[in-house]
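Here's the structure, in structure tokens; my notes come after.
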Amino acid sequence: MPELPEVEVIRNELKSKLINQRINDIKIFWHKTFVNLCSELPNDNKIADIERLGKYIVLVLDQNFLVIHLRMTGQLIFSQNENFSRDHLRLSIHLQSGNILNFYDIRKFGRIYHVPDLNSLFTNVGIDALSQKFTNDYFKELLRNHKRGIKSFLLDQKNIAGLGNIYIDECLFLSGIHPKKLTNEINNKSAKQLHINIKKILNLAIGNMGTTISDYRTTGGGFGRNQNFLKVYKREGNSCFKCGSIIKKTRINSRGTHFCPVCQPENGVLQ
DNA sequence: GTCGTTGTTACTTC
DNA sequence: CGAAGTAACAACGA
Ligand SMILES: [Zn+2]
């Protein structure tokens, strides 16, 4: 279930495969996957560019946009022929070159929106975590203006776009911040550390081609490698790489949350 | 049969 | 209003 790094890897791979290609036809196999808010289908449109905001991939067409969100189990797999699996195939974008971009999605939560503009779709999406606009000062202000558990705050895409459950646990561990620490009680030093680590961890994960825990695949169907470098996610019961304590797992926002009780003390007090 | 799962949104309650 | 909790979406594997 992809977060910013996985989406960015897919975007980079698709750029060379799709830009300047023309869409011939779209075949829909699960109706809810495709949300058409334009008067027509995107057939005959050229893909001019591919952008990303948070976990959204944006195919910029001549006239309008195709916006893709993979949600939990979405996969975009590129094929140069008709010889591909139809299992869990929800939609195919056929290009005039004969190549096909297939959208697989086991749980059917993913969506492909065809929209005339991006405003309505992105009203509740904040600044991208890897954007130049996401500065330390901006982050400090954002934290100060909310009183909310930091993990819950970071999961909310209207604050900062792109972080999800895995990378939030990793960023908070590396920064020594308890996931329930209130945003307005995080001091400037911790905020700066967290800001640096968010960028660092996301960029490292992109370099490792993303994290494959179960369903994430690159556009060639390959695995990422970043799952081999996680420090706390899925490591409950194992020793902390920093201090040797046992990594704990709890539930925050009904999400599995992994942390070291010594390196990330609640209320700044060792437990 | 039950539980948990990398996401988002609507809804309720405080 | 903000924040927190829950269900819903839906399918699979342990
Ligand atoms: Zn530790």
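Chain letters run A, B, ... following the sequence lines, proteins first and then strands; every chain starts at 1.
Residue A/Gly110 is out of contact with every strand shown, counting any heavy-atom pair closer than 4.0 Å. Counting non-hydrogen atoms under 4.0 angstrom, A/Asn124 reaches nothing in the nucleic acid. Base contact: A/Ile213 has a heavy atom under 4.0 Å from a base atom. A/Lys158 comes within 4.0 angstrom of nothing in the nucleic acid, heavy atoms only. Note on A/Gln157: only backbone sugar-phosphate atoms sit closer than 4.0 angstrom, heavy atoms only; bases stay farther off.
Evaluation of A/Phe109 against the base of B/dG7 yields a stacking contact (centre distance < 5.5 Å, interplanar angle < 30°).
The same atom, P, is picked in C/dA7 and in B/dT2; the two are 15 Å apart, to the nearest Å. As rounded to the nearest Å, B/dA10 and C/dA10 have P atoms that lie 16 Å from one another.
The pair A/Asp169-A/Lys231 fails the salt-bridge criterion, with no side-chain N (NZ, NE, NH1 or NH2) lying under 4.0 Å from an Asp/Glu carboxylate O.
Look at NZ on A/Lys151: it is 18 Å from P on C/dA3, rounded to the nearest Å. Atom CG in A/Leu70 sits roughly 16 Å away from atom C1' in C/dC9 (whole-Å rounding). Rounded to an integer number of Å, the gap from A/Met72 CE to C/dA10 C1' is 10 Å. One atom, CG of A/Asn145, and another, C1' of C/dA3, lie 15 Å apart when rounded to the nearest Å. Atom pair A/Ile68:CD1 and B/dT8:C1' shows a separation of 17 Å (rounding to whole Å applied). Nucleotide B/dG7 holds its P atom 16 Å from the CG atom of A/Leu53, rounded to whole Å. Regarding A/Arg148, its CZ atom lies at a distance of 6 Å from the P atom of C/dA4, rounded to whole Å. To the nearest angstrom, P of C/dA3 lies 16 Å from CD1 of A/Ile252.
A close approach under 4.0 Å does not occur between any side-chain nitrogen or oxygen of A/Lys108 and OP1 or OP2 of C/dC9. Between B/dT5 and A/Lys249, a contact under 4.0 Å exists linking OP1 or OP2 to a side-chain N or O. Checking the phosphate oxygens (OP1, OP2) of C/dC9, no side-chain nitrogen or oxygen of A/Arg107 falls inside 4.0 Å. Note on A/His146: every side-chain N or O is 4.0 Å or more away from OP1 and OP2 of C/dG2. Checking the phosphate oxygens (OP1, OP2) of B/dG7, a side-chain nitrogen or oxygen of A/Lys55 falls inside 4.0 Å.
Under 3.5 Å, the side chain of A/Arg255 and the base of B/dT5 form no donor-acceptor pair of N or O atoms.
We find the NE2-CG distance between A/His258 and A/Asn165 to be 7.5 Å, quoted to the nearest 0.5 Å. Note that the CD1 atom of A/Ile206 and the CG atom of A/Asn226 stand 10.0 Å from one another [nearest 0.5 Å].
Here the two rings, on A/Phe259 and A/Phe173, have centers that are 6.0 Å apart or farther. The aromatic ring centroids of A/Tyr138 and A/His195 lie 6.0 Å or more from each other.
Counting only heavy atoms from C-beta on, A/Arg251 has its side chain closest to B/dT5 among B/dT9, B/dG7, B/dT5. Each of C/dC12, B/dG4, B/dG7 was ranked by its minimum atom distance to the side chain of A/Ile106; first place goes to C/dC12. Checking C/dT6, B/dT8, C/dA11 against the side-chain heavy atoms of A/Ser254 singles out C/dT6 as nearest.
In this structure B/dG7 sits in a base pair with C/dC9, meeting the Watson-Crick or G-U test at under 3.5 Å.
Judged by closest nucleotide on DNA chain C, A/Arg71 is the one of A/His88 and A/Arg71 placed further toward the 5' end.
Using a 4.5 Å cut-off on side-chain heavy atoms (C-beta onward), A/Ser85 and A/Tyr104 make contact.
More than 12 heavy-atom neighbours from other residues, nucleotides or ligands sit within 6.0 angstrom of NZ on A/Lys15.
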